[in-house]
Enquirer: 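Before I ask anything, here is the structure I am working with.
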Protein chains: 2
Amino acid sequence: MLTELHARVKKHLRENDVRYSTGRQKFIAALHAAGGPRSATHLHTSELDDVPLSSLYRTLTVLENVGVLERTHDGDGVAMFELGEWLLGHHHHLICTSCDIVTDIDLGNDLENAVAEISATVAASHGFTMTGHTLDVLGLCEDCG
Amino acid sequence: MLTELHARVKKHLRENDVRYSTGRQKFIAALHAAGGPRSATHLHTSELDDVPLSSLYRTLTVLENVGVLERTHDGDGVAMFELGEWLLGHHHHLICTSCDIVTDIDLGNDLENAVAEISATVAASHGFTMTGHTLDVLGLCEDCG
DNA sequence: TTAATAATGAGAATGGCTATCATTATACAT
DNA sequence: ATGTATAATGATAGCCATTCTCATTATTAA
């Protein structure tokens, strides 16, 4: 729930000497409510429409640098922000190639372990030190399919 | 080899009423030699340094639209271009989080089938019509690790 | 309550990418 | 071969997401 999320973020920011202002709390709440990655423009025209774009980008960057947010990019290279994995849990994405909506999904233990093992195997065979993996499933969502 | 690649591209372009000019052949050769996704800027400062940026982007876009190239994005949202899967074969990426170099890898039949099956399973359970998947392995390359 | 420092707002500046338009090259018909 | 239609190219201006700068406001700590 949201209050626990705020507590975890607050503690993390405190440990990194970054303040958890009321403005920043709104960012966390908005991204938590979103349920998936969102662009700065999207946030600017919805939940955070009272925050100027420059402040919006700056705050998103601050939260990213401290590890609270993660930045990805959509098919057009536009930055998308979502809560970090350690807050949200490790997950993957279903990407609708028609409407471009991204949905967070959890593979479940068995499938997740399988993917992790495959990644580790192939990384090792190429002299790579694996630190993580990304699995996105592309297709058409229920509405578009 | 390169001549066979040129022949396949030429045929494909002909079927789509797009010419395979000598300039465009240089693009295919450059991306084939690269062995992984490359940015427009990278190409502009290496193999294709005699092609102005506007022409470079336009040609890359033309080749993308016709399906010869695929466009992805690096960690900063910068567009990266590589030969399409039907030319290069289905593959995945090892991404070094230190030097940002991306290496194409082939999982091999067994691992590839496993990933495809996992993706299909999770897509189906969410009402998704799967059309593809992306698996990137993050870590440190041999030089950086 | 004051001084030090962090956070915010507003607007300018940057950079990747695209659109425009004139020029050059290529393909096809005669 | 030669001319004509059309595609490809180059140069430049423009667009838009993102970042930078700097003045102002809020917050913390003594």
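Computed from a predicted structure; not experimentally measured. Order of the sequence lines sets the chain letters (A, B, ...), proteins ahead of strands, with each chain counted from 1.
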Enquirer: What is the distance, rounded to the nearest whole Å, between atom CG of B:Asp74 and atom C1' of C:dC17?
Expert: 14 Å
Enquirer: NE2 of B:His73 versus C1' of C:dG15: gap in Å, rounded?
Expert: 15 Å
Enquirer: Between atom CG in B:Asp76 and atom C1' in C:dT14, what is the gap in whole Å?
Expert: 14 Å
Enquirer: Which atom pairs link the protein and nucleotides 6-10 of chain D when you take only N or O atoms and keep those under 3.5 Å?
Expert:
unit_1 : atom_1 : unit_2  : atom_2 : d
D:dA7  : O4'    : B:Arg19 : NH2    : 3.0
D:dA8  : OP1    : B:Arg19 : N      : 2.9
D:dA8  : OP1    : B:Arg24 : NH1    : 2.6
D:dT9  : OP1    : B:Ser21 : OG     : 2.9
D:dT9  : OP2    : B:Arg24 : NE     : 3.4
D:dG10 : OP2    : B:Ser55 : OG     : 3.0
D:dG10 : N7     : B:Arg58 : NH2    : 2.7
D:dG10 : O6     : B:Arg58 : NH2    : 3.2

Enquirer: Let me know the distance between NE2 of B:His42 and P of C:dG16, rounded to the nearest Å.
Expert: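 It is 15 Å, rounded to the nearest whole Å.
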Enquirer: Is a side-chain donor-acceptor pair under 3.5 Å present for B:Tyr20 with B:His6?
Expert: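 Judged by distance alone, the side chains do pair up.
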Enquirer: Under 4.0 Å between a side-chain N or O of B:Arg71 and OP1 or OP2 of C:dG16?
Expert: no
Enquirer: To the nearest Å, how far apart are A:Leu60 CG and D:dA17 C1'?
Expert: 13 Å
Enquirer: Quick one: closest heavy-atom pair of A:Phe81 and A:Leu31, and the distance?
Expert: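 Distance-wise, the nearest heavy atoms are O-CD2, 3.4 Å.
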Enquirer: B:Leu53 has an atom CG; how far is it from atom P of C:dG16, in whole Å?
Expert: 9 Å
Enquirer: Identify whether any heavy atom of B:Arg14 sits under 4.0 Å from a base atom; if not, whether one sits that close to sugar-phosphate; answer base, sugar-phosphate or nothing.
Expert: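 Since no nucleic acid heavy atom lies under 4.0 Å of B:Arg14, the category is nothing.
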Enquirer: Cut-off 3.5 Å, side chains only: do B:Arg71 and B:Thr61 have a donor facing an acceptor?
Expert: yes
Enquirer: Quick check: is B:Leu88 connected to B:Val9 through a chain of hydrophobic side chains (ILVMFWY, heavy atoms under 4.5 Å apart)?
Expert: yes
Enquirer: Going by atom types only, do A:Glu112 and A:His92 share a side-chain donor-acceptor pair under 3.5 Å?
Expert: yes
Enquirer: Using OP1 and OP2 only, check whether a side-chain N or O of B:Tyr57 sits under 4.0 Å from C:dC17.
Expert: yes
Enquirer: Answer yes or no: is there a donor N or O on one side and an acceptor on the other, between the side chain of A:Asn16 and the main chain of A:Val18, under 3.5 Å?
Expert: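 No, A:Asn16 side chain to A:Val18 backbone: no donor-acceptor pair under 3.5 Å.
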Enquirer: NZ of A:Lys26 versus C1' of C:dG9: gap in Å, rounded?
Expert: 13 Å
Enquirer: Nearest-Å distance, CG (A:Leu13) to P (D:dT27)?
Expert: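 Atom CG in A:Leu13 sits about 16 Å away from atom P in D:dT27.
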Enquirer: Taking the six-membered ring for Trp, is the centroid-to-centroid distance between B:His90 and B:His133 below 6.0 Å?
Expert: yes
